[in-house]
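Shown next, in structure tokens, is the structure this report addresses.
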Amino acid sequence: MRRLAPLAALALLAACAGAPNREPTLYEQLGGRDGIAAITDHLLDAFARDPRVAPTFDHVDIRRFRRYFADYLCQTADGPCRYTGDPMSEVHRGMHIDEAMFNAVVQDLIIAMDREHVPVRVQNRLLARLAPQRKDIIYH
Ligand code: HEM
């Protein structure tokens, strides 16, 4: 009986050694589907309070935006979702989005992630993936 304990410990060690020791995906770091849904809700809150952004969303179907935006974040963060909306350049065409508006949306996203207690290191990982979209969103 006394011999079983060290044996069990050895078996546990062997199991741990075999376990994949990978870094969590960005999706996981953002809190998965629930975390991304919460970030999207905080973002919509921040938009409503932000006079630089709010007028652009005056006539937008918010339920649709909420679903598509969350899918977009999820896919961008290597999560198990597929964004089925149009490319960024099509979605934002004719909105006359300038750099100030783009920066405002980025600031609001940071506010939303702060509210969800997303660590700054993780925030930066997401922002780095969104930054290249800038050229497809402004001045279209
Ligand atoms: C990194 C920056 C941005 C990303 C990743 C992004 C992403 C998206 C996504 C995924 C959608 C939903 C598309 C769909 O419904 O098919 C959307 C819609 C929209 N975006 Fe952006 N966006 C960004 C910046 C901006 C900025 C700067 C503005 C203007 C202030 C803006 C205004 C809008 C509006 C008004 C809609 C709703 C369009 C509609 O339903 O007619 N977005 N965006």
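Note that these values count all heavy atoms, side chains included, but never hydrogens, waters or copies made by symmetry. Everything numeric here is computed off the predicted structure, so don't read it as measured data. Read the numbers this way: they start at 1 and go in the same order the structure lists the ligands and their atoms.
Atom 17 (C) of ligand 1 has Phe65 CE1, 3.5 Å as its closest protein atom, hydrogens excluded (heavy atom only). Counting only heavy atoms of the protein, atom 26 (C) of ligand 1 lies nearest to Val105 CG2, 3.5 Å. The shortest contact between atom 3 (C) of ligand 1 and any protein heavy atom is with Ile137 CD1, 3.4 Å. Annotation: atom 35 (C) of ligand 1 to nearest protein heavy atom, Thr56 O, 3.5 Å. Regarding atom 38 (C) of ligand 1, its nearest protein heavy-atom neighbour is Met95 CE, 3.7 Å. Scanning the protein heavy atoms around atom 5 (C) of ligand 1, the nearest turns out to be Tyr72 CE2, 3.5 Å. Of the protein's heavy atoms, Met88 SD, 3.5 Å lies nearest to atom 7 (C) of ligand 1. The shortest contact between atom 28 (C) of ligand 1 and any protein heavy atom is with Ile97 CD1, 3.4 Å.
Considering backbone and side-chain N/O of Arg64, one or more are found under 3.5 Å from N/O of ligand 1. Considering backbone and side-chain atoms alike, His92 places an N or O below 3.5 Å from some N or O of ligand 1.
Separation of atoms CD1 (Ile111) and CD (Glu116) is listed at 14.5 Å; rounding is to 0.5 Å. Within the model, atoms NE2 of His92 and CG of Asp136 stand 10.0 Å from one another, a figure rounded to the nearest 0.5 Å.
The shortest side-chain heavy-atom distance between Tyr68 and Val91 does not fall under the 4.5 Å cut-off. Using a 4.5 Å cut-off on side-chain heavy atoms (C-beta onward), Phe47 and Val105 make contact.
When hydrophobic clusters are built by joining Ile, Leu, Val, Met, Phe, Trp and Tyr residues whose side-chain heavy atoms come closer than 4.5 Å, directly or via intermediates, Tyr139 is grouped together with Ile97. Follow the hydrophobic side-chain contacts under 4.5 Å out from Val106 and you never reach Val120; the two are in separate clusters. Connection of Ile110 to Leu126 is established within a shared hydrophobic cluster, with ILVMFWY side chains joined at heavy-atom distances below 4.5 Å, either directly or through further cluster members.
Residue-ligand proximity: Val91 is placed with a non-hydrogen atom under 4.0 Å from ligand 1.
Within ligand 1, counting atoms from 1 as listed, the ones closer than 4.0 Å to a heavy atom of Val60 are 35 (C), 37 (C), 40 (O).
Which of Tyr68, Phe57, Tyr83, Phe47 comes nearest to atom 33 (C) of ligand 1 through a heavy atom is settled by distance: it is Phe57.
Taking the six-membered ring where the residue is Trp, Tyr83 and Tyr72 present perpendicular rings, their angle passing 60° and hence far from 30°.
Note on Arg67 versus Asp61: no salt bridge recorded, every NZ/NE/NH1/NH2 to OD/OE distance being 4.0 Å or above.
Counting only heavy atoms, the protein never gets under 4.0 Å from atom 41 (O) of ligand 1.
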